[in-house]
Undergrad: 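One structure, as structure tokens, below. Some questions next.
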Amino acid sequence: MIRFLHKVAKPFTSAAQPLINLPKHLKPTRINLSLKSYLKSNPIKTVLLFSDLLRKKISAVDSYSLLYVIKACAKKSLGTEGQQTHTLVIKLGYEPIIFLQTSLMDMYAATTNVADVHTVFDEIPNKNVVCWTSLISAYMRNQKPYRAIEIFRQMQMDGVEPDQVTFTVSLSACADMGALDKGVWIHDLISRKPEFSEDLSLMNALVNMYVKCGDIRKAMLVFDNIRVKDVRTWTSMIIGHALHGQAEEALRLFSTLEEENKLRSSQSRGTKDQLLVPNDVMFIGVLMACSHAGMVEEGKRYFRSMIEEYGIKPRHSHFGCMVDLLCRLGLLKEAYSFILAMPIQPNAVIWRTLLGASGVHGNEELAAVAQSKLRELNASLVGDDVALSNIYAAKGMWEDKIMLRYEMTQRRTPGCSTVEVGKLHS
DNA sequence: GCTAGTGCAA
């Protein structure tokens with residue numbers, strides 16, 4: 001912990017009274033520029049440099065220095081240091097500066113909880129659109145999309161006009177809830193401001209909202225109307241098709257993108273900025289599409305192309321898609337050897353995929369292997385044991401089943417009876 | 001010479 005103050009007053013208590021008032025319009029200092037540049041490369045250094053500055057030359061600390069250090073605390077999740085900086089903001093009399101208040105909200109959202117964010121928000125006298133958006137964003141970060149939309153409504157009742165950032169964040173709240181009606185309502189509000197259709201982040205959020213809410217046609221309509229798209233626009237749409245079982249559409253879209261890239265690289269040599277290079281997330285969409293449609297050969301081809309042509313290191317989710325694809329078609333042995341050949345340690349999700357498929361296809365040897373791997377990973381759930389015991393039961397292997405049931409009761413944790421688990425699932 | 005809030009899968 002980096003100490004800024006000897007006696008740390010909690011920023012929300014009245015003990016944090018301003019002690020000195022520094023002139024607020026100092027010329028930009030070299031030290032502030034250093035604080036700012038470290039923010040990008042190494043935020044911890046921003047905090048250390050600031051703490052040094054406080055000890056050596058407190059008069060050099062202005063609202064800019066405070067802003068940079070607050071942002072550094074947010075980035076590195078330094079809760080205590082963030083709180084101390086908040087106290088300093090008050091002690092040095094910089095409380096009225098709204099820029100500091102909104103970044104403090106962001107800092108608390110990253111380090112402590114929404115309640116602290118809300119407290120800061122409540123104490124801002126003249127809340128502008130950025131303050132409101134910060135609050136909405138804080139609820140989103142804490143997986144409270146319903147509250148986020150509530151705040152969005154409250155803001156409008158307060159007579160504050162949402163801007164493109166507010167709309168972007170609120171749309172992702174609708175996406176999370178699958179609330180198509182609210183999403184359409186926001187889309188309608190956006191349509192009244194033609195200049196907003198130039199904001200790519202906002203348009204991407206709109207495509208994403210329609211995808212998550214299941215209106216694939218509307219998503220395509222928005223997608224087609226975006227003049228300059230980026231990788232995220234394409235990714236959202238590819239995933240949208242994949243999720244809705246439209247594998248051919250998803251793969252066709254991916255081919256279109258690859259064709260466009262080829263065309264562009266032949267036209268303007270060397271300018272990489274204009275290319276929309278597929279990233280790891282886009283390939284998750286592509287592989288998901290193959291998996292849903294049971295296209296094994298295509299899936300393998302895309303997986304290879306991802307590694308060899310695009311130089312993307314596959315993550316667990318990519319391996320998971322491949323295992324899922326092989327398992328769906330009953331290629332259990334191939335799935336198993338694929339897992340064994342993975343350069344990274346297979347996780348529980350992957351073994352569970354194999355376990356589930358082994359159950360469906362009645363392969364008790366592989367089921368047992370997957371089961372023991374899950375146990376090794378210490379991630380075995382009651383459901384896995386039940387799945388395996390049902391396989392044994394189906395095969396008439398009663399002794400194994402009884403043994404397994406016995407093991408399960410031995411490993412049962414207090415306060416979680418099997419009866420309750422059974423009730424929940426029935 | 002520097003200030004705030006922004007999204008892609010499970």
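Note that the structure is predicted; figures quoted are calculated from it, not measured.
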Undergrad: Do we see a donor-acceptor contact under 3.5 Å between the side chains of A:Thr166 and A:Thr133?
TA: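 Side chains of A:Thr166 and A:Thr133: pair found under 3.5 Å.
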Undergrad: Step through it carefully: locate the ring centre of A:Tyr38, locate the ring centre of A:Tyr68, and say whether they are under 6.0 Å apart.
TA: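 For A:Tyr38 and A:Tyr68, the ring centres are not under 6.0 Å apart.
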Undergrad: Have a look at A:Ile239 and say if it touches a base, only the backbone sugar-phosphate, or nothing, with a 4.0 Å heavy-atom cut-off.
TA: sugar-phosphate
Undergrad: Looking across every strand, which nucleic acid part, if any, lies under 4.0 Å from A:Asp199 by heavy atom: base, sugar-phosphate, or nothing?
TA: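 If one applies the 4.0 Å heavy-atom cut-off, A:Asp199 turns out to touch nothing in the nucleic acid.
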Undergrad: Roughly how many Å is it from NZ in A:Lys71 to C1' in B:dG5, rounded to a whole number?
TA: 10 Å
Undergrad: Can a donor-acceptor pair under 3.5 Å be found between the side-chain atoms of A:Ser317 and the base atoms of B:dA10?
TA: no
Undergrad: Do the charged groups of A:Asp176 and A:Lys144 touch, with an N to O distance under 4.0 Å?
TA: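 No, A:Asp176 and A:Lys144 are not salt-bridged.
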Undergrad: For A:Asp106 and B:dA4, give me the distance from atom CG to atom P, rounded to whole Å.
TA: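 Checked: the CG to P distance equals 11 Å.
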Undergrad: Using distance alone, with no hydrogens and no angle criterion, decide if A:Ser291 and A:Asp324 have a side-chain donor and acceptor under 3.5 Å apart.
TA: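 Looking only at side-chain atoms, A:Asp324 and A:Ser291 do form a donor-acceptor pair, the distance falling under 3.5 Å.
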Undergrad: What's A:Leu202 touching, base or sugar-phosphate or nothing? Going by heavy atoms closer than 4.0 Å.
TA: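 Since no nucleic acid heavy atom lies under 4.0 Å of A:Leu202, the category is nothing.
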Undergrad: Please state how far atom CD1 in A:Ile226 lies from atom C1' in B:dC8, giving the value in whole angstrom units.
TA: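 Whole-Å distance recorded here is 12 Å.
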Undergrad: Side-chain N or O of A:Lys36 versus OP1/OP2 of B:dG1: is the shortest distance under 4.0 Å?
TA: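 Negative; the distance criterion is not met.
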Undergrad: Take atom NZ of A:Lys229 and atom P of B:dC8, then tell me their distance rounded to the nearest Å.
TA: 19 Å
Undergrad: Counting side-chain heavy atoms from C-beta on, which of B:dT6, B:dG1, B:dT3 comes nearest to A:Leu33?
TA: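 My answer, after comparing the listed nucleotides, is B:dG1.
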Undergrad: From the list B:dA4, B:dC2, B:dG5, which nucleotide is the closest neighbour of the side chain of A:Ser137?
TA: B:dG5
Undergrad: With a non-hydrogen cut-off below 4.0 angstrom, is A:Leu200 in contact with a base, only sugar-phosphate, or nothing?
TA: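 Here A:Leu200 touches the bases of the nucleic acid.
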Undergrad: Quickly work out the A:Arg232 CZ to B:dA9 P distance and round it to whole Å.
TA: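 Atom-to-atom, A:Arg232 to B:dA9, this comes out as 10 Å.
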Undergrad: Between the base of B:dG5 and the side chain of A:Thr133, is there a donor and acceptor pair under 3.5 angstrom?
TA: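 Per atom types, the contact qualifies.
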Undergrad: For the residue pair A:Tyr108 and A:His118, confirm or rule out a side-chain donor-acceptor distance under 3.5 Å.
TA: no
Undergrad: Can you identify which nucleotide, out of B:dT6, B:dC8, B:dC2, has its nearest atom closest to the A:Val165 side chain?
TA: B:dT6
Undergrad: Atom CZ of A:Phe283 to atom C1' of B:dA9: distance rounded to whole Å?
TA: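 Interatomic distance, CZ of A:Phe283 to C1' of B:dA9: 15 Å.
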Undergrad: Which of these nucleotides, B:dA4, B:dA9, B:dG5, is closest to any side-chain atom of A:Leu243?
TA: B:dA9
Undergrad: Check every strand shown and say whether A:Val169 touches a base, only sugar-phosphate, or nothing at a heavy-atom separation below 4.0 Å.
TA: sugar-phosphate
Undergrad: Does the gap between the ring centers of A:Phe338 and A:Phe303 come in under 6.0 Å?
TA: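 Ring centres of A:Phe303 and A:Phe338 closer than 6.0 Å.
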Undergrad: Could you state the CD1-C1' distance from A:Ile238 to B:dC8, rounded to the nearest angstrom?
TA: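 After rounding, the reported distance stands at 11 Å.
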Undergrad: Report yes if a donor N or O on one partner sits less than 3.5 Å from an acceptor N or O on the other, where the partners are the side chain of A:Thr166 and the base of B:dG5; otherwise report no.
TA: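 Check passes, donor-acceptor contact within cut-off.
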Undergrad: Classify A:Lys127 by what it touches in the nucleic acid, base, sugar-phosphate, or nothing, heavy-atom distance under 4.0 Å.
TA: nothing
Undergrad: Atom CE of A:Met288 to atom P of B:dC8: distance rounded to whole Å?
TA: 14 Å
Undergrad: Kindly indicate whether the side chain of A:Asn32 and the base of B:dG1 share any N or O donor-acceptor pair separated by less than 3.5 Å?
TA: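 Answer no: no donor N or O sits under 3.5 Å from an acceptor.
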Undergrad: Base, sugar-phosphate alone, or nothing: which one does A:Thr102 contact when heavy atoms must sit under 4.0 Å apart?
TA: base
Undergrad: When all nucleic acid strands are considered with a 4.0 Å heavy-atom cut-off, which category describes A:Tyr68: base, sugar-phosphate, or nothing?
TA: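 The residue A:Tyr68 makes base contact.
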